[in-house]
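These numbers were taken from a predicted model, which means no experiment stands behind them. The figures here come from the full heavy-atom set of this structure, side chains too, leaving out hydrogens, waters and symmetry mates. A note on names: the letters A, B, ... follow the listed sequences, proteins ahead of strands, and every chain is numbered from 1.
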Protein chains: 2
Amino acid sequence: MAKVTRDDVARLAGTSTAVVSYVINNGPRPVAPATRERVLAAIKELGYRPDRVAQAMASRRTDLIGMIVPDARQPFFAEMAHAVEQAAAERGKMVLVGNSDYRDEREVHYLRAFLGMRVSGLILVSQGPSERAAAEIEAWDARVVLLHERPEAIDDVAVVTDDVGGAQLATRHLLEHGNDYVACLGGTESTPVVGDPVADHIEGWRRAMQEAGLTTEGRLFHAPYNRYDAYRVALGLLAGPDRPPAIFCSTDDQAIGVLRAARELRIDVPGELAVAGFDDVKEAGLTDPPLTTVFSDRPAMARAAVDLVLDDSLRVSGSRRERLKQFPSALVVRRSCGCGEPPATAR
Amino acid sequence: MAKVTRDDVARLAGTSTAVVSYVINNGPRPVAPATRERVLAAIKELGYRPDRVAQAMASRRTDLIGMIVPDARQPFFAEMAHAVEQAAAERGKMVLVGNSDYRDEREVHYLRAFLGMRVSGLILVSQGPSERAAAEIEAWDARVVLLHERPEAIDDVAVVTDDVGGAQLATRHLLEHGNDYVACLGGTESTPVVGDPVADHIEGWRRAMQEAGLTTEGRLFHAPYNRYDAYRVALGLLAGPDRPPAIFCSTDDQAIGVLRAARELRIDVPGELAVAGFDDVKEAGLTDPPLTTVFSDRPAMARAAVDLVLDDSLRVSGSRRERLKQFPSALVVRRSCGCGEPPATAR
DNA sequence: TGGTGTTACGGAGACGTTTCAGCAACCTCA
DNA sequence: TGAGGTTGCTGAAACGTCTCCGTAACACCA
């Protein structure tokens, strides 16, 4: 069965191929209603579907947005990707997501692939794109928006939440519960000192501790961002002699690992250990106890990122600071911090 | 900065454009080593990157595989997608994943989009593609592989695990622990009776119950596949007067919801309630207690699906049965069933 | 009636590749 | 030495669409 092309449609409708194009794209030139009807009818009759590749070829653009995340299996990134997908769909775009698995080469690989596919823009949720990645972006002079992170390597628009402020909020809250101090579970030691949300979470925690006149010395611990590794690290930390009274985790997923470790060790949360996370992942509502955390407005951020990547007009070329779109964060109080009544069923 | 094209490379290397192509693709015609070097050098010097769109246009194929899943935020699908991505990468392909959100229209939307992009094949993890979807596939006569499910609507190759057998294994195991009977938490009532893995899980459970001379009457419950809804349903079920002694869940994610509900209700697992799931999602190892479940070999399945979608030679046109690639399942015994010592730290 | 717009439409040149067919030049072997 | 086969390369035709121009037809007005 030979492929139906625009030529077939034109022939059947008794018009030129150009007119068929005009009908399909509503422009750039007007078409008389009667002609339009004929074309539409022909399209329907033949079951014609424009070839996207050819369209992209000719028009030098696509309806595609490329998105690169470290690992879409982690709830936070999965939810972020989903939010972007939704936001893009609202604007008639499709998003291609690639997992970098935290590896530069994978990141560059996808970058190349997406750029080669002529995506109309890129949304990067990256642990600080490598030099190579930056070079690649440079070479294609692509439209890039950094989402969730704001690394130094790339000078581009970034959409983030108020990470410092949120972390401060959470830490303060933990302190207000009367805990002597709050420990912090940050990322791996290789986390960049600046630009990474986790680095900001640590900074926020540090500030809140300082406000309270407390030292942060020896109270910062490190673990990869996923619950599994966080669980392992927490097992060691909580079983040790100086178990902290409270922990602020830079990520909900980590907090989930900590909660699990506490249970394993029969440490009551929040009774013997208060915990807070960051992100307000959906699962935070279903942990035991429900996790107190910091809300980040993913749908809004996703929408902003998509808008920014699609509309050149929004891309002001001001200073670094001006090109940072920051969303406010808010504390979501649940029970892992010590707030609230125990549920009725628990007595 | 004008885009570097193949013509520029050819000019610099002092050859024809055809030779540049031959060098890039290693064929279809041979190129003298010296010439090849010159071309390679020119490519490097100019920083030339072939335009994938143009390549696709001319060669009428792409390195893309389309994949449609219901919701990549669910761990099982996320892991499956990741496995497929890996398998595809091994063969130099990229995978595009779309979320249908369990809606036919979204499915058709992605189908159209992927097909229009000339993907070299489609991997569907679908709750039984709709008629419309089937029609779309038909129209493009695309290469399709059904992964995880094997709906009736599409007559195509399917890659699945031994769902019936696995469920049987799990149910039997729960029975062997001395439970009077095993309840089953299946999918929503609208789950197709046949072709869906969950339907098969129910069937396996039914058989195991029958083997033991037990009735399944009134012992099958329904909930959507995610932990949140399962949690809600389980809350009702477990708080009721005839709480079952054991539950086999058709999905790990559901089992996680059940576990959470049990904890909420202070029902000891496995002491007062034995639980088993299906899929062996990564998280199953970190639940409390660790979840006994049925293993499905996702990497192998993903690889098989990718092979099948890429190699026509593998697509035998035998009977439905012959075109079903079934992977064995195995019981993964952890602690939610009642096996094993409690962890040292727990006493 | 001639000039000036306006509206609909068609021809045809991109877009950047792949790959077929063709053509020299050179080798091999009887 | 000449026929036949390789080898290495080139020219140019696709691939299916978009879109710039050009043109024809027609209306309107002075």
* State, yes or no, whether a side-chain contact exists between A:R91 and A:L310 at a heavy-atom distance under 4.5 Å. => yes
* To do: Would you classify B:A18 as touching base, sugar-phosphate or nothing, given that sugar-phosphate means primed atoms plus P, OP1 and OP2, and contacts are heavy atoms under 4.0 Å?
  => base
* Check whether any side-chain N or O of B:S59 sits under 4.0 Å from OP1 or OP2 of C:dT18, and answer yes or no. => no
* To do: Could you check how far CZ of A:R29 sits from P of C:dG10, rounded to whole Å?
  => 13 Å
* Asked: Listed by chain and number, what are the side-chain contact (heavy atoms from CB on, under 4.5 Å) partners of B:D63, not counting sequence neighbours?
  -> B:R52, B:K93
* Asked: Side chains of A:L96 and A:I65: does their closest heavy-atom pair fall under 4.5 Å?
  -> no
* To do: Using heavy atoms and a sub-4.0 Å distance, could you list which residues of residues 36-58 of chain A are near DNA chain C? By number, please.
  => A:M57, A:A58
* If you look at every strand shown and take non-hydrogen atoms under 4.0 Å, does A:S21 touch a base, only sugar-phosphate, or nothing? -> base
* Asked: What is the distance, rounded to the nearest whole Å, between atom CZ of A:R11 and atom C1' of C:dG10?
  -> 15 Å
* If each of B:R118 and B:V19 is mapped to the nucleotide of DNA chain D with the nearest heavy atom, which maps nearer the 5' terminus, i.e. the 5' end? -> B:V19
* To do: Kindly say if B:R6 contacts the phosphate of C:dT19, meaning a side-chain N or O under 4.0 Å from OP1 or OP2.
  => no
* Contact class for A:V20 (heavy atom, under 4.0 Å): base, sugar-phosphate, or nothing? -> nothing
* Asked: Which value, rounded to the nearest 0.5 Å, describes the distance between A:Y102 atom OH and A:Y225 atom OH?
  -> 7.0 Å
* Are B:M94 and A:Y110 close enough that some pair of their side-chain heavy atoms sits under 4.5 Å apart? -> yes
* Structure fact -> Rounded to the nearest 0.5 angstrom, the NE2-CZ distance for A:H148 and A:R298 is 9.5 Å
* Just how far, in rounded Å, is P of D:dG16 from CG of A:N25? -> 17 Å
Side-chain donor/acceptor pairs under 3.5 Å, residues 19-39 of chain A, sequence neighbours excluded:
residue	atom	partner	partner atom	Å
A:N25	ND2	A:S21	O	3.4
A:R38	NE	A:A13	O	2.9
A:R38	NH2	A:A13	O	3.3

* Asked: Nearest-Å distance, OH (A:Y22) to P (C:dT7)?
  -> 15 Å
* **Out of D:dG8, D:dG22, C:dG16, whichever nucleotide has its closest atom nearest the side chain of A:R60** => C:dG16
